[in-house]
Amino acid sequence: MTSMECGLRLKWLILALICPLIAGAPSREGSCPEENLDIAGGSFTLSNGYSDGSYLQYICPDNHYPSISSRRCQFGVWTPKASSRKKAECKKITCPNPRVLENGEVAPYQERYYINDVTTYSCSSDYKFRGSKVRVCQPNGKWNGSTPICGRDYHCPDPGVPPGSSRTGSIFNIDDEVTYHCDSPLTLIGSKVRKCLDDGQWSGTEPQCYADFTYDTAMEAAEAFGNSLTTTLTVQQGFEDDQHGKKISLDRGGKLDIYIAVDASDSIDPKDFGKAKKIIKTLIEKISYYEVSPNYEILMFATDVDQIVKMRDFKTNEKARNISKIFEDLDNFNYDKKGDRTGTNIAKLYLKILDSMSLEQVQNKEDFLQTQHVIIVFTDGQANMGGNPKPKVDLIKNLVIKNNASRENKLDLYVFGVGKDVKKEDMNGLVSEKKDERHFFKLPDLDEVQNTFDLMLDDSTVVGLCGMQQNYDGSNKRSAYPWLAQLSIAQSQISDCMGSLVTSRYILTAAHCFKEGDTPDKITVYLEKNTDVKVEKVFIHPNYSLTAKQSIGIKEFYDFDVALLQLKTPVKMSVNLRPICLPCTKETNRALKLSDSQGTCEKHEQILLSNELVDAAFTSKMDMEKRSPRKIRRITVKLGKYLDACVEDAKKAKGIEVADATEAVTKNFLCSGGNQPQRDDVSCKGESGGATHVDKYGRLIQIGVVSWGVKNLCSKAKLDAVSVSDSRDYHINLLRPDIQSFLKKHLENDKLGHTLTFLP
Ligand SMILES: *[C@@H]1O[C@H](CO)[C@@H](O)[C@H](O)[C@H]1NC(C)=O
Ligand SMILES: *[C@@H]1O[C@H](CO)[C@@H](O)[C@H](O)[C@H]1NC(C)=O
Ligand SMILES: *[C@@H]1O[C@H](CO)[C@@H](O)[C@H](O)[C@H]1NC(C)=O
Ligand SMILES: *[C@@H]1O[C@H](CO)[C@@H](O)[C@H](O)[C@H]1NC(C)=O
C-alpha cells in the first residue's frame with residue numbers, strides 16, 4: 001500500500017512540473033480540457049470528471065459504434081488527443097466484406113453491408129458448395145451461419161476465405177499451408193496460418209476478421225468456450241463421449257490447475273466490480289458440474305496483482321480449499337481497498353501466475369508434468385503499464401510445454417476481452433491455438449460474460465451429467481425435469497406409473513406397478529417427445545413381496561417397492577433427456593460439491609437428510625403434449641421428532657391392522673404429509689414410482705421412490721390436494737443399504753449404457 005501511495009504522489013509531482021510544457025497551460029492542475037470531446041450522434045461518460053486518470057467512454061445508439069471508443073486523461077491531455085479537426089462520431093455498424101468468395105457469386109453487390117443486409121451465395125459449375133447459402137449481417141458486426149465455400153476435391157477440403165480476409169495458398173494437399181490476412185483496419189482472430197494434416201483436416205481454427213466494434217454473442221462464446229472447456233474438463237465416464245469427435249484429455253483423477261484472473265482496473269466501475277466477482281463464482285460453479293476436482297488460484301489485477309486464493313494454499317491448506325470460503329473472501333475483497341487502479345498491468349499478472357506455476361513445479365516435478373494447466377483471464381485489454389505481456393506468456397508456455405509438441409495440450413490459455421477497447425491483435429499471442437477450438441472471446445460488457453456462463457452448460461455437451469436441469473423458461477418445463485418418465489402397461493388394472501431416468505439405459509420406478517404376467521413387451525416408457533422406448537427387462541427388488549405380512553395384519557406390504565426397467569437401447573441424452581442423480585454414487589459427489597476422497601454414502605446422507613424437515617418434491621403425471629409434469633408436489637420429508645407421528649398414521653390406512661406401525665413402515669421408508677408443522681402436497685393415483693428428489697446447488701438428487709399413501713385425497717376434479725393431519729405418503733428411501741445393493745447390482749456394471757460408481 002505504502003509504495004502505491006508513494007507512486008501516486010510521485011506522479012502528481014511530475015505532473016505539476018511537466019504538464020505546462022507538454023499540454024499548454026491546462027485550466028487546472030492535473031486536469032484535462034473539456035473542449036472537443038463531444039461525439040456526433042452520441043454521448044459520453046467520465047470515470048472521474050476531467051481529472052487526471054479519468055476514463056472517457058463514448059456511447060452510440062444501437063447499431064452504431066463510436067469512431068473513437070474512449071479517451072484517457074493523462075498528464076493533463078487526452079489520449080487520443082481531442083481536437084476540433086478530428087472529432088468523434090457515431091457510425092453505422094458494417095459487416096466484413098463478403099465478396100471474397102472464390103469460384104462463386106455473391107449477391108447483391110454493395111460497397112458496404114449494414115445490419116440486416118441479406119446476402120446470397122452460389123458456386124460456378126464444377127464447384128461444390130459448403131457453408132451457408134444465405135447470410136444476414138448481425139448487430140454484433142458478424143455474418144450469421146458459416147463461411148460459404150466453393151471447393152473442389154483435395155486431400156483437405158477447401159478452407160474457404162472468411163469475409164473481410166484474403167488467402168494465399170490454393171492447393172490443399174498434405175502439408176500444404178494457407179495464410180490469411182484481414183483487410184485494414186480489421187484484425188485477425190483465430191489461425192493466421194493453417195496446414196493440411198494427414199487426417200484430411202486443417203490445423204488450427206478458421207480465422208475471423210474483427211472490427212473494433214465486432215463482438216461475439218453470448219451464445220457464440222458459450223458454445224465455443226463450453227466446447228473447449230469440456231474437452232479439458234470431461235473425465236472418461238465409462239462410455240464414449242464422441243459427440244464432438246474429440247479425445248478426452250483427462251483421466252479420472254487427472255490433475256487440473258485453474259488460474260482465474262479478473263481485471264479490476266478503473267475502466268471497470270464499482271458496479272462492474274461486483275459483476276466480475278459474480279462471474280468468477282458462476283465459472284467455478286459451472287466447472288463444479290464436471291467430474292473433476294480442480295485446484296484454483298484466483299487473482300484480481302489492476303496496477304497491482306492480488307491473489308484471492310493462491311495455488312499453493314489451495315493445495316496444502318484444507319481451509320483454503322473451501323469453496324464457500326473462497327466466495328466469502330471474494331465478497332470481502334473490497335473495491336475501495338484496491339487503492340490505485342488507474343493502471344492495467346497484464347504483464348505483471350502473467351508474471352504472478354508464472355511464479356505460482358514455477359512453485360508448483362518445484363514442489364513436485366512429476367505432478368506438474370501430469371497436470372493440466374488452465375488460465376482464464378478477463379480484461380478490458382487496456383494494458384497501459386508493465387510492458388508487453390507476451391514474453392511472460394511465452395515463459396509460461398516454456399514452463400508447461402517444455403518445447404515438446406506432445407505437451408501442448410497440457411496448457412489452455414483463454415482470454416475474455418471485455419469492452420470496447422480490447423486490442424485484439426495484442427491478445428492473439430496470449431491465447432492457445434488448438435484445433436477447432438477458440439480461446440479468445442470478445443464481449444461488449446460483463447453482463448454478456450455472465451450470460452455466456454449462464455448459457456454455457458445449457459449446451460448438450462455435458463448431457464451425461466446427472467441432475468442437470470435447465471431453468472424452466474416458461475416454454476419448456478420439460479428441461480427442468482429432463483429425467484421424467486411415465487410408464488404405461490398394456491391391459492393392466494394398475495393405471496400408469498411414474499419413473500425416472502437414472503442412466504442412459506435404466507428407469508427407476510416402483511415394484512408394485514407390475515403384476516405377474518406384465519411382460520416387458522407390454523410396457524411403454526414415455527420420455528421426451530419422439531423418444532418413447534420399449535423395455536428389455538424388468539428387475540424387481542428380490543425382497544419385494546406384497547403378501548409377506550398378511551398373516552400379521554398387513555394386507556399389502558410395500559417394503560422394497562423398487563424396480564429397474566432396462567431399456568432395449570440406451571437413450572441419447574439431450575437438454576430434455578438427462579438422468580437424475582442417485583445418492584451414494586461417485587457421479588453425485590460433484591453435485592454435492594464433494595471431492596472424491598470426501599464422498600461416502602454416509603456423507604451423502606448427512607447432506608441430503610440432515611434436517612428434521614427436508615424440502616423435497618415429486619411430480620404428478622405428465623402433460624403428454626409437453627412431456628412435462630402437470631404439477632410439482634412440494635413436500636417436507638419428516639425426520640427426527642416428526643418421524644414417529646408420521647409413521648404412526650400408517651395404522652389409519654385401510655388394510656393395516658397392526659399395533660406396531662413400523663411393521664408396515666420399516667426403516668426403508670421416508671415419510672411426508674400431515675399438517676405439522678405445515679401441510680404438504682399429497683400424491684395422487686398414477687404417481688407411484690415417481691422420483692422424490694431434492695435440489696442441491698441447482699442439481700436434482702433422487703432420495704426416494706413414491707410408494708404408497710394413507711389416504712387418497714385427490715379426485716378427477718381435484719388434482720392438487722394438500723394433506724390433512726393424518727394423510728401421509730411413504731417413499732422408499734434410496735440411501736438404505738438394501739436398496740443401494742439392488743441399485744448397485746444393476747447400474748454399476750452395465751455394458752451398453754453408461755455406468756454409475758457406487759460409494760461405500
Ligand atoms: C441468418 O439469420 C436469418 C435471419 O435471422 C435467418 O433467416 C437465417 O436462417 C440465418 N442463417 C443461418 C445460417 O443461421
Ligand atoms: C467453509 O467456509 C464456510 C464459510 O467461511 C464455513 O461456514 C464452513 O464451515 C467451511 N466448511 C468447512 C468444511 O470448513
Ligand atoms: C514429450 O512429452 C511426452 C508426453 O508428455 C513424453 O512422453 C515424451 O517423453 C516427451 N519428450 C521429450 C523429448 O521430453
Ligand atoms: C432379502 O432376501 C434375501 C434372499 O432372498 C435374504 O437373504 C435377506 O435376508 C432378505 N433381506 C431382508 C431385509 O429381508
Side-chain angles (χ1 to χ4, degrees), residues 62-63 93 95-96 98 101 104 106-108 113-122 129-149 160 162-163 206 208 216-217 219-220 222-224 232 247-251 254-257 361 364-373 397-412 434 511 539-552 554 557-564 662-669 707 732-746:
D62 279 356
N63 301 349
I93 285 175
C95 277
L101 177 70
V106 182
Y113 295 85
Y114 298 104
I115 293 173
N116 292 333
D117 282 355
V118 180
T119 45
T120 58
Y121 305 83
S122 58
F129 189 88
R130 295 198 337 267
S132 299
K133 288 204 158 149
V134 180
R135 302 187 87 181
V136 180
C137 178
Q138 308 287 304
N140 65 342
K142 291 192 194 183
W143 295 99
N144 77 345
S146 56
T147 305
I149 299 168
E206 186 181 280
Q208 298 186 53
D216 297 312
T217 61
M219 192 50 106
E220 286 167 345
E223 211 172 283
T232 301
K247 288 278 174 294
I248 284 146
S249 60
L250 272 182
D251 297 328
K255 299 177 177 65
L256 174 64
D257 289 358
Q361 173 167 267
N364 191 333
K365 198 153 186 181
E366 207 37 55
D367 268 5
F368 187 82
L369 281 174
Q370 288 164 17
T371 299
Q372 180 79 25
H373 307 267
K397 287 182 182 166
N398 287 343
L399 185 72
V400 176
I401 297 168
K402 304 194 185 307
N403 246 327
N404 177 348
S406 63
R407 290 192 47 79
E408 267 175 19
N409 64 351
K410 290 287 179 197
L411 180 66
D412 279 289
K434 293 190 178 176
F539 298 104
I540 306 273
H541 194 292
N543 293 90
Y544 170 74
S545 169
L546 205 58
T547 55
K549 291 193 174 175
Q550 277 183 352
S551 60
I552 63 163
I554 298 170
F557 179 54
Y558 287 100
D559 203 355
F560 312 106
D561 188 11
V562 286
L564 282 165
T662 64
E663 283 290 349
V665 184
T666 65
K667 283 194 154 47
N668 286 336
F669 286 99
S707 179
I732 292 291
N733 180 350
L734 296 187
L735 290 100
R736 295 289 299 169
D738 287 336
I739 309 299
Q740 280 285 309
S741 59
F742 169 72
L743 296 174
K744 179 179 158 106
K745 177 165 177 247
H746 297 285

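Read the numbers this way: they start at 1 and go in the same order the structure lists the ligands and their atoms. Here, residue 1 is the first one in the sequence, and each next residue gets the next number.
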| message | Less than 4.0 Å from atom 7 (O) of ligand 4, is there any heavy atom belonging to the protein? | response | no
| message | One thing to verify: whether Asp216 and Lys142 come together as a salt bridge, which I'm taking to mean a side-chain N less than 4.0 angstrom from a carboxylate O. | response | yes
| field | Where ligand 4 meets Asp738 - atom numbers and elements under 4.0 angstrom, heavy-atom basis | value | 13 (C)
| note | protein heavy-atom neighbour closest to atom 9 (O) of ligand 3 works out as Asn404 ND2, 4.8 Å
| request: Have a look at Asn543, Asn668, Thr666 and point out the one with the heavy atom closest to atom 3 (C) of ligand 4. | output: Asn543
| Test item: Gln208 and Thr147 side chains (from C-beta on) under 4.5 Å apart, heavy atoms | no
| Is the closest protein non-hydrogen atom to atom 14 (O) of ligand 3 under 4.0 Å? | yes
| message | With respect to Ser132, determine whether any N or O atom, backbone or side chain, lies less than 3.5 Å from an N or O atom of ligand 1. | response | no
| message | Counting only heavy atoms closer than 4.0 Å, does ligand 4 sit against the backbone of Phe560, its side chain, both, or neither? | response | side chain
| query | What protein heavy atom sits nearest atom 1 (C) of ligand 1, and how far off is it? | reply | Asn144 ND2, 1.4 Å
| Between Asn140 and Thr217: side-chain donor-acceptor atoms closer than 3.5 Å | no
| request: Kindly assign one of parallel, tilted or perpendicular to the pair Trp143 and Tyr113, based on the angle between their ring planes and the thresholds 30° and 60°. | output: perpendicular
| Donor-acceptor under 3.5 Å (Ser132 side chain, Ser146 main chain) | yes
| request: Look at the side chain of Gln138 and the backbone N and O of Val136, then say whether any donor-acceptor pair between them is shorter than 3.5 Å. | output: yes
| request: Identify whether NZ of Lys or CZ of Arg in Lys133 sits under 6.0 Å from the centre of the six-membered ring of Phe129 and within 45° of that ring's axis. | output: yes
| query | Do the side-chain N and O atoms of Asn668 and Asp559 include a donor-acceptor pair separated by under 3.5 angstrom? | reply | yes
| field | Protein residue, atom and distance nearest to atom 5 (O) of ligand 3, heavy-atom basis | value | Arg407 CG, 3.7 Å
| task | Among all protein heavy atoms, pick out the one at the shortest distance from atom 4 (C) of ligand 3; state its residue, atom name and that distance to 0.1 Å. | result | Ser406 OG, 3.7 Å
| Is at least one protein non-hydrogen atom found at under 4.0 angstrom from atom 11 (N) of ligand 1? | yes
